[in-house]
Amino acid sequence: MTAVRVFKARRVVTMDPALPEATHVAVREGRILGAGGAELLGFYPGAAEDGRFADRVIVPGFVEGHCHAVEGMVWRLPYLGYFDRAMPAGGTAPGARTLAEALARLRSLEAALAPDQPLLVWGFDPIYYEGPRLHRRDLDAISPSRPIVVSHASGHIINVNSVVLERAGFSADSNLDGLVRDADGLTGELMGPPAMQRATRVAGGGGLMSRLDEEGLRAFARQASRVGITTATDLQRKLDAEMVAMMRRVTGAADFPVRLVAALGAREYSLADGVARAGELLGTGTGKLHFGIVKLTLDGSIQGFTGRLRWPGYHNGAANGMWYIAPSELEGIVEAYLRAGAQIHIHTNGDEASEAAIGALENVLARCPRPEHRTTLQHCQMADAAQFRRMAALGMAANLFVNHIYYWGEQHAALTAGPARAPRMNATATARREGVPVAIHSDAPVTPLGPLFSMWCAVNRLTSRGRVFGAGERLSVAAALHAVTLGPAWTLRLDHAVGSIAPGKFADFTVLEEDPFLVPPERLREIAVHATVLAGEVFHA
Amino acid sequence: MIRLLVIGGFLGAGKTTLVNRLLAHADRKIAVLVNDFGAVAVDAALIAAADATSITLANGCVCCSIGDDFGAALERVAAGKPELVIVEASGVADPWRIAQLALIEPGFELGPLVVLADAADLPRLQADRAVGDVVRGQLSYADIVVLTKTDIAGAALAGSRAAVAAIRPQAHVIEAGNLAASGGDVALADLDFAVPRARARFMAEAAHPFRTWTWRDARPFDRGALRGLLGSLPASVLRIKGFCGLDDDEGDWLLQYAAERWAFTRAGDAPERALVVIGTEAMDQPALEADFAAALR
Ligand SMILES: [Zn+2]
């Protein structure tokens with residue numbers, strides 16, 4: 001296949017400083033020959049001009065550096081969130097703006113179920129609702145006999161009806177941690193894994209999303225492609241032989257629309273087994289399936305009060321969060337994986353966790369130097385300038401969770417980080433200024449996939465109530481675009497192959513209906529994705 | 001009822017060593033649940049069968065990984081009808097969160113919460129800026145604290161004793177030396193409220209640290225008064241377990257109480273309405289008996 005195709009666009013934004021702007025881009029064998037003007041056609045005899053994007057704007061294909069393929073599976077259950085959310089099958093699942101609306105939706109879902117099926121929904125987000133919290137009585141009114149489990153968007157709480165409580169053995173006479181109660185006994189709100197797992201299991205919903213399957217992976221890729229992503233991560237996965245074979249088969253299909261980066265979840269393995277498995281996977285990738293990353297999880301989440309925070313801790317006085325890995329064992333784990341040749345991504349939400357990760361890496365690098373380690377802190381939501389300086393000095397990157405500013409910014413100000421620290425969270429501008437390579441992400445399904453939305457968050461820093469959080473941390477559109485292209489590509493060790501439109505790279509583009517540099521910044525998230533191009537092949541959004 | 005023994009403690013305290021010893025010297029059928037399967041180093045000669053999630057030993061014991069759902073793992077091992085299930089909590093987990101589940105898990109009764117601490121390192125760890133709260137949290141509901149490495153702790157031993165006394169004064173403290181050394185320093189019998197003394201090395205040396213008495217009164221309690229009583233018990237009461245009646249119901253109820261948490265669940269036919277109360281030496285039995293009597297209908 002030696003045919004040369006030259007895509008013509010209103011504008012091509014290359015992210016390549018040698019030629020930042022162009023109108024044409026020439027492609028052969030799935031890779032970029034070069035960008036330029038109409039003269040490109042003359043460079044390559046027999047080149048065919050493809051004018052279908054002539055009226056549109058081409059940018060480098062978006063790279064989502066932190067999301068999860070389970071996004072393709074959550075849609076098997078109905079969505080009950082506050083915000084409208086695009087579905088992989090197409091169309092939009094409408095948000096429920098009031099509790100009454102959410103209950104009405106549950107009622108109609110219930111009516112459509114077979115008699116023996118439990119009603120399980122996800123994405124419930126009551127922090128946006130005024131008035132009393134969802135109570136088991138509300139759910140009992142929908143069905144007194146069918147198990148109902150409503151999972152919250154945060155992932156840390158569920159609401160259940162009385163049948164589920166009864167089957168789980170939870171009653172007014174179980175005074176245990178994690179069971180929320182009022183004067184009337186239990187409210188049906190359950191917090192923390194032990195109680196949640198037990199309730200989900202007795203409701204008949206256990207193991208529903210336990211293992212990624214082919215259809216789930218395809219749905220995930222479709223969803224990613226629809227929002228302009230051409231390289232997507234599955235950032236925590238048990239990569240056993242069967243899973244890898246499935247990924248190889250599915251991603252290898254010509255119509256699979258993204259490159260997949262699958263990170264080995266260290267917590268799925270003992271250290272020795274994980275290190276061995278990471279080593280086995282090195283060099284076994286394809287153009288569309290990449291290995292080599294190991295994901296470590298150090299602390300919990302800030303909105304769940306399980307992230308580890310430095311002084312003064314949680315604003316509402318909640319106890320400090322939890323370590324999934326003790327700081328003292330982190331060093332040994334990091335060293336073992338580094339020596340095995342893996343690249344390490346560490347989930348750190350709170351600043352105490354970031355501090356521990358930076359310290360551990362600093363010690364490891366002193367005895368085990370790896371100039372190209374590119375260790376990346378994922379989320380890294382509360383890092384300050386001093387921490388970013390240390391990260392820059394050590395050669396680390398930050399993938400910041402800017403979507404939080406919109407979805408949880410107000411809660412962070414009121415409860416977790418407090419009003420002084422909340423606007424400083426996800427300090428994109430500070431990280432850049434201090435020399436840390438920066439990416440931004442959705443952590444889908446925690447928040448919806450959508451690099452344009454993440455760009456909008458980084459550029460505007462607006463909360464759900466319309467307040468600007470941290471005006472000084474706002475990014476320019478160019479910097480935000482970098483943070484969803486070359487930035488994450490660098491963190492995935494794929495910047496030689498994707499992230500900009502430059503000769504030799506994969507011909508991966510995102511085709512936009514409007515120019516992100518010309519629309520008012522507050523409209524960035526409304527820009528429609530027209531299509532993506534992966535290795536020169538067009539996928540319509 | 002299957003007895004559930006939760007063993008917690010920070011990294012390096014010796015949990016895995018202890019669990020391996022208990023497995024190797026098991027005198028009854030034990031099932032062990034662990035987070036990190038790879039860390040379990042059972043003597044290869046003892047292994048009868050092994051797969052990705054469980055190891056079966058020649059002595060009938062089994063060791064399983066917990067996976068994503070602790071309750072489901074409990075159900076799985078219960079099917080093998082062990083006499084005892086030991087849960088090795090992860091080094092950063094709160095063992096008390098795990099132990100509470102046994103209060104409502106049908107078929108299980110909660111043994112003492114055992115927390116190990118490295119006597120050479122505890123004074124430093126419990127004051128550590130990043131993990132001090134985790135270490136103190138793990139100790140704060142312990143019934144039995146096993147101080148390990150007391151043989152090499154030197155001056156830190158006094159600090160470790162003081163730390164445990166400050167964090168959890170009710171706990172019975174076992175000073176266990178080197179768990180890995182021969183001699184089986186800590187036996188299963190030591191990790192119990194009620195002790196067959198002949199088998200318990202530490203109990204033989206010291207007076208039995210726990211006090212037990214039984215409330216025998218078949219008359220039903222007033223449900224509200226019983227809830228009030230359970231909500232205000234003194235810290236010297238560590239466990240209550242047994243069957244009772246309630247004023248608003250004909251049947252028998254199983255009551256389990258542990259460290260300010262409790263549950264009563266409907267029982268089938270109870271053999272006898274009686275509540276066993278376990279506590280420290282400071283437990284004031286006459287005062288408690290008066291409180292129980294006042295809670296009767
Ligand atoms: Zn994630």
* Asked: Any donor and acceptor pair, going by atom type alone, linking the side chain of A:R308 with main-chain N or O of B:A130 inside 3.5 Å?
  -> yes

* In plain terms, say whether A:E352 and B:R129 are close enough for a salt bridge, that is, a side-chain N and a carboxylate O under 4.0 Å apart. => no

* Asked: Measuring heavy-atom distances to chain A, does B:E75 have an atom under 4.5 Å in its side chain, in its backbone, in both, or in neither?
  -> side chain

* Asked: Given that the side chain runs from C-beta out, which part of B:F10 has a heavy atom under 4.5 Å from chain A: side chain, backbone, both or neither?
  -> side chain

* Do the non-hydrogen side-chain atoms of B:L103 and A:L176 ever get within less than 4.5 Å of each other? -> yes

* Partner chain B: residue of A:A195, A:A326, A:G169 with the largest heavy-atom pair count (under 4.5 Å) -> A:A326

* Structure fact -> Pair count under 4.5 Å, heavy atoms only, with chain A: among B:A93, B:S90, B:A72, highest is B:A72

* Asked: Quick one: what part of A:A353 sits under 4.5 Å from any heavy atom of chain B, side chain, backbone, both or neither?
  -> neither

* To do: Using heavy atoms and a sub-4.5 Å threshold, report which of residues 327-340 of chain A line up against chain B, by residue number.
  => A:P327, A:S328, A:E329

* To do: Counting only heavy atoms closer than 4.5 Å, note whether B:R266 contacts chain A via side chain, backbone, both or neither.
  => neither

* Kindly give the heavy-atom pair with the smallest separation between A:W323 and B:V92, and that separation in Å. => O-CG2, 3.1 Å

* Tell me, side chain or backbone of A:Y324 under 4.5 Å from chain B's heavy atoms, or both, or neither? -> backbone

* Asked: Does CE belonging to A:M243 count more than 12 external heavy atoms closer than 6.0 Å?
  -> yes

* Contact listing (chain A partner; residues 234-249 of chain B; heavy atom under 4.5 Å) -> none

* Pairwise distance CG(B:L11) to CD1(A:I325) - rounded to 0.5 angstrom -> 10.5 Å

* Which value, rounded to the nearest 0.5 Å, describes the distance between B:W262 atom CH2 and A:S174 atom OG? -> 8.0 Å

* Taking the side chain as every heavy atom from C-beta outward, state whether B:R223 and A:D173 have any atom pair closer than 4.5 Å. => yes

* To do: Please name the pair of heavy atoms, one in A:R198 and one in B:I104, separated by the smallest distance, quoted to 0.1 Å.
  => NH2-O, 3.3 Å

